[in-house]
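Since the structure is predicted, the reported quantities are computational estimates derived from the model, not experimental observations. Keep in mind that the numbers below use all heavy atoms, side chains included, and drop hydrogens, waters and symmetry copies.
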Amino acid sequence: MKKILIVRFSSIGDIVLTTPVIRCLKEQLDCEIDYLTFSRHSDILKHNPYIDRLITIDRSIKEVVPALRKARYDLVIDLHRNIRTFSLKLQLLRPSRAFHKLNIRKLIMVWFKINMLPAVHIVDRYLHCVQRLGIKNDGKGLDYFVTDFDRAVALPEGFDKDYVAFVIGGNYTTKILPASQVLRIISKIRQPVVLLGGVMDKARGEQIVADAAVPDVVYNGCGAFTLNESAAVIERASVVYANDTGLMHIAAAMRRPIVSFWGNTIPEFGMTPYLPENFQPQPLIIEVKGLRCRPCSKLGFNNCPKGHFDCMEKITYQPEE
């Protein structure tokens, strides 16, 4: 294998979870690695030293198919496995491998609450599809690379050292810890707190700061940083509190202590924080077990289908004093 194309179009966390495959292929086969993704996610991988060429599309694979045909890849590794990647592989007519998404088993768990899921992390399932190439898991965990320019992001005085990062955002409301719960936990933290999230989380972050018992120790960084700047903030945090979202996986790539909150999704789906072998401390997985309605989706909803949101509202986690 001299030239390999890896394909994963989205999203932030899923792309970060493919980084062990990139590294292991590069180090163990010493081959050329190209990676295809959406342009909006290019920042995740643009500094990755194990990628020879990052190829992006804005909307359609038609933008790159002619150039990919000319590349004559020895292998296409499909780590997304959807209609778009199926079409891509048909058009390239190159040898390919794909990972098992386990969507049917996930839906059985969602609809019937029958757990037929293997106790295997998605990273290990990604790696399994290249196992026949002689690739072995090197146990080094995830990768995420930022530059000194990203690290130069300025936090306000008092928040620039010995702080915790609290990721309050997420793609789905049912994966987001409610503001009341965030406030309850923050009230027990004896360090400055930097809130992280996207522009869509900014207003909620402002409200959390306003409602905090001691507003001066909470800084709303939602929408203030680029993704890589947020990663640099996480890199320096003493602890990262996060929902089941992309920044949680970036925190794992940065080898930070993690407290993760799980609502409508469950750890059994195989996407918990993935850390190097023997890494300590192990991440804390905070969830309300025993709810008959959970999981209600393998992704999430804009509102709790039952109207009570017990999977998040009934969390009783208390930070150590």
Side-chain angles (χ1 to χ4, degrees), residues 1-37 41 44-45 48 50-52 73-90 92 94-110 114-144 244 246 248-250 252-253 255 265-279 282-283 285 295 298-299:
M1 294 293 165
K2 299 296 183 183
K3 198 170 187 178
I4 293 176
L5 175 67
I6 300 174
V7 184
R8 177 77 213 194
F9 290 111
S10 63
S11 53
I12 294 173
D14 296 287
I15 293 171
V16 174
L17 289 166
T18 68
T19 57
V21 177
I22 304 169
R23 182 185 64 247
C24 289
L25 284 169
K26 188 67 175 180
E27 292 189 337
Q28 296 175 34
L29 292 184
D30 191 26
C31 57
E32 185 177 335
I33 302 289
D34 291 356
Y35 197 110
L36 175 61
T37 190
H41 296 312
I44 303 169
L45 298 170
N48 191 311
Y50 303 111
I51 295 175
D52 293 283
Y73 291 103
D74 295 303
L75 184 66
V76 177
I77 299 174
D78 179 3
L79 299 182
H80 202 127
R81 198 164 188 172
N82 63 2
I83 294 174
R84 183 182 283 110
T85 60
F86 180 73
S87 174
L88 175 69
K89 289 182 290 186
L90 279 180
L92 296 184
R94 303 305 299 160
S96 65
R97 298 187 187 279
F99 89 111
H100 295 292
K101 295 189 80 167
L102 303 179
N103 279 343
I104 298 298
R105 297 189 188 192
K106 289 179 181 178
L107 290 175
I108 290 172
M109 185 65 193
V110 169
I114 299 172
N115 189 359
M116 300 177 64
L117 296 162
V120 180
H121 198 282
I122 192 171
V123 171
D124 296 306
R125 289 194 281 121
Y126 284 159
L127 285 163
H128 182 74
C129 78
V130 295
Q131 191 175 38
R132 290 186 182 180
L133 302 177
I135 299 300
K136 296 181 180 179
N137 189 346
D138 60 13
K140 296 178 182 178
L142 309 178
D143 287 325
Y144 200 94
D244 171 22
M248 177 190 74
H249 297 297
I250 291 177
R255 283 49 166 174
T265 54
I266 56 173
E268 287 80 1
F269 286 156
M271 298 186 70
T272 52
Y274 192 83
L275 291 156
E277 289 179 359
N278 304 316
F279 181 87
Q282 287 293 301
I285 305 297
K298 66 185 181 72
L299 295 174

Just wondering, do Ile135 and Cys24 contact through their side chains at under 4.5 Å, heavy atoms? yes
Counting C-beta onward and ignoring hydrogens, is there a side-chain heavy-atom pair between Leu17 and Met271 closer than 4.5 Å? yes
Can you tell me if Arg105 uses its side chain to pair, donor with acceptor, with the backbone of Leu117 under 3.5 Å? no
Any idea which heavy atoms bring Cys31 and Lys2 closest together, and the distance? CB-O, 3.7 Å
Between Ile15 and Thr18, which heavy-atom pair has the shortest distance, and what is it? O-OG1, 2.6 Å
Taking ring-ring contact (aromatic ring centres under 6.0 Å, His included) as the test, write out the residues that go with Tyr73, two or more places apart. none
Can you name the side-chain hydrogen bond (donor to acceptor under 3.5 Å, both in side chains) partners of Lys26, sequence neighbours left out? Asp52
Aromatic ring pairing Phe99/Tyr126, orientation class (parallel under 30°, perpendicular over 60°, tilted between): perpendicular
Answer whether the closest heavy-atom distance between the side chains of Thr85 and Val76 falls below 4.5 Å. no
Go through the structure and list residues passing side chain to side chain contact (heavy atoms under 4.5 Å, CB included) with Pro283, not counting sequence neighbours. Ile258, Pro273, Leu275
How long is the gap from CG on Asn82 to OG on Ser10, to the nearest 0.5 Å? 8.0 Å
Nearest 0.5 Å, please: how far is CD in Glu32 from CD1 in Ile51? 12.0 Å
For Leu90 and Ser87: C-alpha separation, side-chain torsions, deciding distance, then whether side-chain contact (heavy atoms from CB on, under 4.5 Å) applies. CA-CA 5 Å; Leu90 279 180; Ser87 174; 5.7 Å; no
If you look at every heavy atom in Arg81 and Lys101, which pair is closest and at what distance? O-CD, 3.2 Å
Could you tell me whether the side chain of Leu5 reaches within less than 4.5 Å of the side chain of Leu92, counting heavy atoms only? yes
Donor-acceptor contact present, side-chain Asp74 to main-chain Lys3, <3.5 Å: yes
Is there a donor-acceptor pair under 3.5 Å between the side chain of His121 and the backbone N or O of Val123? yes
Would you say Thr37 and Ile44 make side-chain contact, with heavy atoms under 4.5 Å? no
Interatomic distance, Leu75 atom CG to Arg94 atom CZ [nearest 0.5 angstrom]: 9.5 Å
Measure the CE-CD1 distance between Met1 and Ile77 for me, rounded to the nearest 0.5 Å. 8.5 Å
If we only count heavy atoms from C-beta on, is the Ile266 to Met109 side-chain gap below 4.5 Å? yes
Any residue meeting side-chain hydrogen bond (donor to acceptor under 3.5 Å, both in side chains) with Thr265, in chain and number order, not counting sequence neighbours: Asp244
Using modelled atom types and a 3.5 Å cut-off, is there a donor and acceptor pairing between side-chain atoms of His100 and backbone atoms of Arg125? no
From Leu36 atom CG to Leu79 atom CG, the distance as rounded to the nearest 0.5 Å: 11.5 Å
Once rounded to the nearest 0.5 Å, what's the spacing between atom OH of Tyr35 and atom CG of Asn48? 9.5 Å
Can you tell me if Asn103 has over 12 outside heavy atoms packed within less than 6.0 Å of its CG? yes
Run the side chain to side chain contact (heavy atoms under 4.5 Å, CB included) test against Arg23 and tell me which residues pass, sequence neighbours left out. Pro20, Glu27, Tyr50, Asp138, Lys140, Asp143
With a sphere of 6.0 Å drawn around CD1 of Ile104, does it hold more than 12 non-hydrogen atoms of other residues, nucleotides or ligands? no
For Asn115, check side-chain hydrogen bond (donor to acceptor under 3.5 Å, both in side chains) against everything at least two apart and list the hits. none
Would you check if Leu102 and Ile122 make a side-chain contact, meaning some heavy-atom pair closer than 4.5 Å? no
side-chain contact (heavy atoms from CB on, under 4.5 Å) between Leu45 and Thr19, intermediate numbers included: CA-CA 9 Å; Leu45 298 170; Thr19 57; 4.3 Å; yes
